[in-house]
There are 2 protein chains.
Amino acid sequence: MGKPALTESKENAEIGALDGILGFHIRLAHGAVYRHFVETFSDLGLTQKQVSVLWLVGDQQGISQIELGSRLHMDRATTMTIVNRLQDREYLRRERSEEDGRKQALFLTTSGHAALEEAKQCIASHESWLKNRFTRQEIEKLVEMLTRIHE
Amino acid sequence: MGKPALTESKENAEIGALDGILGFHIRLAHGAVYRHFVETFSDLGLTQKQVSVLWLVGDQQGISQIELGSRLHMDRATTMTIVNRLQDREYLRRERSEEDGRKQALFLTTSGHAALEEAKQCIASHESWLKNRFTRQEIEKLVEMLTRIHE
DNA sequence: CCAATTTGTTAGTAGAGCATACAATTTGGC
DNA sequence: GCCAAATTGTATGCTCTACTAACAAATTGG
């Protein structure tokens, strides 16, 4: 019954049965990646979401908010707040779409492009910190498995 | 252009070069797991963190807040807000530790135990939703790789 | 042409995370 | 034993992300 009192030297935090929960490991891994991301981007002052949005808008100028949101799995309201923040910082601007008056077309400003370039440098260093612990094959397998989760 | 237009979830959202970023996939996977978690736990009204805390306190009655926080990678302030919320709902209680007057020892209440039991049922169904897409070996490998990230 | 849908917007709520400051307690150096 | 430093808990305030609900404007379809 019960478990022996933990007297072992293991510095690694014991999490008991939680260790068998896949979702738990995904959450912890995400947290670790998140924290390193924030550290890497403390100078730029950009969050993961903001960088993703800059990246996607840079990739596909004129994309609508709804399209942007759907590709990053954000709802309309969440997309709004992030686009608002980037617009306030003058990294991107909205334009009414000509084809569809309901849509806003999003474009990077000049400083938006500059910020994205800087961000891509940070992403590179962040990614190598992350990927360092895996072989090329493992990364491929990991990405494939993660994709099966988020589809 | 093999993809049919459909109203289902699986509209292959193009994310371009972002597709090569491992951190991005971790974030998307986490988001997908999180959303399914919330859905699964909408009846119980518990969050991932709250369940993790209930689980750990149930596993190790008398654990201190600092210990709890360190095992779930939360700082003291964050741990406080979560413990406060669970205490307000009378799922757990604090007791001044006898060995170390600085510490609070945490214990599940009766309804805390009940909530944890319910939660474990939900976790099981949530986990099988998640694990369904993998073989046993893949799960093992995935957990091992995720552990390398969060150590 | 009118009703339904899509898209954007605003406002409000909530969880999680972090920084800072402070109080109580314990620990360690002397 | 005593005092300074470290540990733990607490309180406050801020930010980011995410969701809901309601509403307006534009488009689409029957």
Side-chain angles (χ1 to χ4, degrees), chain A residues 27-28 30-39 41-42 44-54 62-89 92-106, chain B residues 5 7 11 24 27-28 30-39 41-42 44-54 62-89 92-106:
Chain A
R27 201 142 53 71
L28 285 192
H30 172 258
V33 171
Y34 173 78
R35 280 186 293 274
H36 184 269
F37 187 101
V38 169
E39 205 178 314
F41 279 78
S42 60
L44 268 175
L46 290 172
T47 66
Q48 289 179 317
K49 282 277 143 133
Q50 290 172 350
V51 171
S52 299
V53 167
L54 279 182
I63 192 175
S64 68
Q65 285 185 194
I66 199 79
E67 190 66 21
L68 182 63
S70 108
R71 293 185 188 193
L72 298 179
H73 296 143
M74 305 183 299
D75 65 11
R76 280 174 300 157
T78 304
T79 305
M80 274 295 298
T81 71
I82 292 171
V83 169
N84 281 346
R85 215 169 297 134
L86 290 172
Q87 191 184 38
D88 289 346
R89 288 172 67 168
L92 53 77
R93 61 188 159 76
R94 292 170 159 103
E95 269 182 29
R96 197 107 231 156
S97 166
E98 296 172 355
E99 312 130 18
D100 189 333
R102 294 168 301 182
K103 295 185 180 177
Q104 294 277 29
L106 301 176
Chain B
T7 45
E11 45 178 280
F24 185 72
R27 201 143 54 69
L28 284 191
H30 172 257
V33 171
Y34 173 77
R35 279 187 293 274
H36 184 269
F37 187 101
V38 169
E39 204 178 314
F41 278 78
S42 60
L44 269 175
L46 289 172
T47 66
Q48 289 178 317
K49 282 277 141 133
Q50 290 171 351
V51 171
S52 299
V53 167
L54 279 183
I63 192 174
S64 68
Q65 285 185 192
I66 199 79
E67 190 66 21
L68 182 63
S70 105
R71 293 185 187 193
L72 298 179
H73 297 141
M74 306 183 297
D75 66 11
R76 280 175 299 158
T78 304
T79 305
M80 274 293 298
T81 71
I82 294 172
V83 169
N84 280 345
R85 214 168 298 136
L86 291 172
Q87 191 184 37
D88 288 347
R89 286 171 68 168
L92 53 77
R93 62 188 158 78
R94 292 170 159 102
E95 268 182 32
R96 196 111 229 154
S97 167
E98 295 171 355
E99 313 130 18
D100 189 334
R102 294 169 301 182
K103 294 185 179 175
Q104 294 277 30
L106 302 176

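Chain identifiers are assigned alphabetically (A, B, ...) following the order of the sequence lines, protein sequences preceding nucleic acid strands; residue numbering begins at 1 within each chain. Note that this is a predicted model, so its numbers are computed, not measured.
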Nearest-nucleotide comparison on DNA chain C, the residue closer to the 5′ end among A/Asn84 and B/Gln48: A/Asn84
Could you tell me whether the phosphate oxygens of [N], OP1 or OP2, come under 4.0 Å of any side-chain nitrogen or oxygen in [X]?
{"X": "B/Arg96", "N": "C/dA24", "result": "no"}
{"X": "A/Gln65", "N": "C/dT6", "result": "no"}
{"X": "B/Lys103", "N": "C/dA24", "result": "no"}
{"X": "A/Gln104", "N": "C/dT9", "result": "yes"}
{"X": "B/Arg35", "N": "D/dA18", "result": "no"}
{"X": "A/Thr81", "N": "D/dC16", "result": "no"}
{"X": "B/Arg85", "N": "C/dA14", "result": "no"}
{"X": "A/Thr47", "N": "D/dT17", "result": "yes"}

Check: A/Ser52 side chain, A/Gln48 main-chain N or O, donor-acceptor pair, under 3.5 Å: yes
Could you tell me whether a side-chain N or O of B/Thr78 sits under 3.5 Å from a main-chain N or O of B/Met74, the two making a donor and an acceptor? no
Report the nucleotide, chosen from C/dT9, D/dG9, D/dT17, that has the shortest atom-to-atom distance to any side-chain atom of A/Arg94. C/dT9
Out of D/dT20, C/dT9, D/dG9, which has the shortest distance to the side chain of A/Asp75? D/dT20
Integer-rounded Å distance: [N] [atom2] and [X] [atom1]:
{"X": "B/Arg76", "N": "C/dC18", "atom1": "CZ", "atom2": "P", "answer": "13 Å"}
{"X": "B/Ile63", "N": "D/dT8", "atom1": "CD1", "atom2": "C1'", "answer": "14 Å"}
{"X": "A/His30", "N": "D/dC16", "atom1": "NE2", "atom2": "C1'", "answer": "12 Å"}
{"X": "A/Ile66", "N": "C/dT9", "atom1": "CD1", "atom2": "C1'", "answer": "12 Å"}
{"X": "B/Leu72", "N": "C/dC18", "atom1": "CG", "atom2": "P", "answer": "13 Å"}
{"X": "A/Leu46", "N": "D/dC16", "atom1": "CG", "atom2": "C1'", "answer": "13 Å"}
{"X": "A/Leu106", "N": "C/dT7", "atom1": "CG", "atom2": "C1'", "answer": "12 Å"}
{"X": "A/Asp88", "N": "C/dT9", "atom1": "CG", "atom2": "P", "answer": "12 Å"}

Hey, are A/Arg76 and A/Gln65 close enough side-chain-wise for a donor-acceptor pair under 3.5 Å? no
Once hydrogens and angles are ignored, does a donor-acceptor distance under 3.5 Å link the base of D/dG9 to the side chain of B/Arg102? no
Check whether any side-chain heavy atom of B/Leu86 sits under 4.5 Å from a side-chain heavy atom of B/Val83, and report yes or no. no
So do the side chains of B/Gln104 and B/Leu68 get within less than 4.5 Å of each other, counting heavy atoms only? no
Dump the intermediate steps for salt bridge (Lys or Arg N to Asp or Glu O under 4.0 Å) on A/Arg93 and A/Glu95, then the final yes or no. CA-CA 7 Å; A/Arg93 61 188 159 76; A/Glu95 269 182 29; 2.4 Å; yes
Assign each of A/Tyr34 and A/Asp100 the nucleotide of DNA chain D bearing its closest heavy atom; nearer the 5' end lies the nucleotide of A/Tyr34
Base, sugar-phosphate, or nothing for A/Thr79, non-hydrogen atoms under 4.0 angstrom? nothing
